[in-house]
Amino acid sequence: MMRVFLVDGTYELFRHFHGAPPHVNPAGLNVGAARTAAGSILSILEQGATHIGVATDHVIESWRNEAWPAYKSSAGVPKELLDQFGLFEDLLSALGIVVWPMIELEADDAMASAAAVLDADPAVTQVVICTPDKDLGQCVRGGRVVCLDRRKNLVVDEPVVRERFGVGPESVPDWLAVVGDSADGYPGIKGWGAKSASAVLHRYEHIEQVPLDHARWDVPLTPARTESLRSALAGAWEEALLFKRLATATIDPSLLGARPLDALQWTGPTPELDRLCAVVESPGLARRARELAQRASTS
């Protein structure tokens, strides 16, 4: 069974920065989140994964900030956390794990791109996107491409997406566009709530397919409610399309290069790992990686 794991490295770094004890090395560098998050990702391999890639927001701002200035940014993120991104990426690379450090695009775009490419590969039996981010629900395909919230040990397949949003994965960007996403910094369309969005998009799938005449709406809502929703959508049409664009993952297969499945196969750490583990004062991380590589080579 060929399962490929795509990990939201930004989430992992944030999670461990806020959840693990801080650690400052003798050089005065904050390294606690980087070393703990790297160890957590190594545990995916220790649990049996053979193919893995990690996406990070090397620069948190992206093209989306230019399109919508209120979009999530690095404003308010502790410097002690921001300073660990490069170290975290270097640690993962030294562990022998493929890293996609995003600058103009986001980590979500890299994972979505990888999921799309790998979903089309008949050698792959399942793609597991390790993130709790609801945006990535748009990438789910049945039980073949799923999301995994590692902290809750919750698998999100297509039935879970439909239960959560009231629509299929293909409509998740539309749903977010009208409801809004406070985590990403766009408000949605005033007057549209989760239930009304689910009712309308369950019927029409995409906002571009919603009739301009509320009398033509075939949804279980009152005429007054459908007129209110139609009027709100029409009055903020350009914003709705922009929010949908913000919510839609950019698929760029070129991020993966040639033979992506082969590239994602873990073959062990690099010689650089010992030096970096000395920087983060975690010799145990290097030992774990070498022992795992030894077991893999003899199995």
Side-chain angles (χ1 to χ4, degrees), residues 6-44 52-95 97-112 129-136 147-152 154 176 180-187 246-247 249 272-273 275-286:
L6 308 174
V7 184
D8 185 342
T10 297
Y11 166 74
E12 293 291 340
L13 194 60
F14 270 73
R15 175 164 77 101
H16 290 288
F17 178 80
H18 293 289
H23 184 85
V24 179
N25 72 3
L29 298 175
N30 288 278
V31 300
R35 70 178 189 176
T36 309
S40 177
I41 291 172
L42 180 62
S43 72
I44 298 174
I52 188 170
V54 179
T56 64
D57 293 295
H58 185 73
V59 176
I60 292 181
E61 285 75 14
S62 69
W63 67 264
R64 291 176 173 87
N65 296 90
E66 297 181 7
W68 182 255
Y71 194 77
K72 67 178 180 182
S73 71
S74 59
V77 178
K79 183 177 185 300
E80 296 81 4
L81 172 55
L82 292 174
D83 287 347
Q84 294 188 61
F85 270 85
L87 176 60
F88 176 51
E89 292 158 358
D90 290 344
L91 265 176
L92 292 173
S93 294
L95 283 167
I97 296 172
V98 171
V99 183
W100 299 297
M102 294 293 100
I103 296 177
E104 293 185 5
L105 296 177
E106 296 183 33
D108 283 3
D109 299 315
M111 290 184 289
I129 305 173
C130 299
T131 181
D133 193 338
K134 58 182 177 292
D135 296 22
L136 270 296
C147 291
L148 170 65
D149 184 335
R150 295 181 64 220
R151 186 176 66 84
K152 297 180 179 179
L154 173 66
L176 292 169
D181 188 343
S182 59
D184 282 343
Y186 54 91
L246 297 177
E272 182 72 359
L273 182 60
R275 185 190 69 81
L276 285 169
C277 283
V279 171
V280 301
E281 298 190 295
S282 182
L285 183 63

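Not measured: the values here are computed from a predicted model.
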Side-chain donor-acceptor pairs of residues 276-285 under 3.5 Å, sequence neighbours excluded:
{"unit_1": "Glu281", "atom_1": "OE1", "unit_2": "His23", "atom_2": "NE2", "d": "2.6"}

Practice task
Could I get the full list of side chain to side chain contact (heavy atoms under 4.5 Å, CB included) partners for Val59, not counting sequence neighbours?
Solution key: Glu61, Ile103

Exercise for the section: Under the side chain to side chain contact (heavy atoms under 4.5 Å, CB included) rule, collect the residues that match up with Ala249, sequence neighbours excluded. Expected result: Asp109, Ala112, Gln138

Problem - Residue pairs fulfilling salt bridge (Lys or Arg N to Asp or Glu O under 4.0 Å) with at least one residue in residues 80-89, sequence neighbours excluded - result: Lys79-Asp83

Exercise for the section: Could you tell me whether the side chain of Leu42 reaches within less than 4.5 Å of the side chain of Leu92, counting heavy atoms only? Expected result: no

Exercise for the section: To the nearest 0.5 Å, tell me how far Leu13 CG sits from Thr36 OG1. Expected result: 9.5 Å

Practice task
Sequence neighbours left out, what pairs pass salt bridge (Lys or Arg N to Asp or Glu O under 4.0 Å) with at least one residue falling in residues 24-38?
Solution key: none

Exercise for the section: Using salt bridge (Lys or Arg N to Asp or Glu O under 4.0 Å) as the criterion, list what pairs up with Lys152, not counting sequence neighbours. Expected result: none

Handout entry: Sidechain-backbone polar pair: Arg150 side chain, Ser40 backbone, donor-acceptor under 3.5 Å
Key = yes

Exercise for the section: Check whether any side-chain heavy atom of Ile52 lies under 4.5 Å from a side-chain heavy atom of Val98, and answer yes or no. Expected result: no

Completion exercise
Shortest non-hydrogen pair, Leu91 vs Ala38, comes out as CD1-CB, 4.1 Å

Problem - Rounded distance [0.5 Å steps], CG in Leu136 versus CG in Asp108 - result: 4.5 Å

Practice task
Answer yes if the side chains of Ser73 and Asn65 hold a donor-acceptor pair under 3.5 Å, and no otherwise.
Solution key: no

Exercise for the section: Could you walk me through whether Phe17 and Asn30 pass side chain to side chain contact (heavy atoms under 4.5 Å, CB included), step by step? Expected result: CA-CA 10 Å; Phe17 178 80; Asn30 288 278; 5.9 Å; no

Handout entry: Verdict with reasoning, Ser62 to Leu105, per side chain to side chain contact (heavy atoms under 4.5 Å, CB included)
Key = CA-CA 5 Å; Ser62 69; Leu105 296 177; 6.0 Å; no

Problem - Under the salt bridge (Lys or Arg N to Asp or Glu O under 4.0 Å) test, residues paired with Asp184 that sit two or more places apart - result: Lys72

Exercise for the section: Can you measure from CE (Met102) to CD (Glu104) and round to the nearest 0.5 angstrom? Expected result: 10.0 Å

Handout entry: N/O donor-acceptor pair under 3.5 Å between Thr10 side chain and Asp57 backbone
Key = yes

Completion exercise
In terms of heavy-atom contacts, Asp133 and Thr131 come closest through N-OG1, 3.1 Å

Exercise for the section: Indicate the atoms forming the closest heavy-atom contact of Ala286 with Leu273, along with that distance. Expected result: CA-CD2, 3.7 Å

Fill in the blank from the handout: Taken in chain and number order and not counting sequence neighbours, the residues that satisfy side chain to side chain donor-acceptor pair (under 3.5 Å) with Asp149 are none

Fill in the blank from the handout: Sorted by chain and number, sequence neighbours left out, ring-ring contact (aromatic ring centres under 6.0 Å, His included) with Trp100 holds for none

Exercise for the section: Ignoring hydrogens and angles, tell me if any N or O in the side chain of Gln84 forms a donor-acceptor pair with the backbone of Ala34 under 3.5 Å. Expected result: yes

Handout entry: Ile41 and Ile97, any side-chain heavy atoms less than 4.5 Å apart
Key = yes

Exercise for the section: Would you name the heavy atoms of Cys130 and Ile44 that are closest together and state the gap between them? Expected result: SG-CD1, 4.5 Å

Problem - salt bridge (Lys or Arg N to Asp or Glu O under 4.0 Å) involving Arg275 - partner list, sequence neighbours excluded - result: Glu272

Exercise for the section: Write down the atom of Pro101, the atom of Val99, and the distance for their closest heavy-atom approach. Expected result: CD-O, 3.3 Å

Handout entry: Qualifying ring-ring contact (aromatic ring centres under 6.0 Å, His included) pairs, either residue in residues 54-89, two or more places apart
Key = Trp68-Phe243

Completion exercise
Sorted by chain and number, sequence neighbours left out, salt bridge (Lys or Arg N to Asp or Glu O under 4.0 Å) with Asp181 holds for Lys134

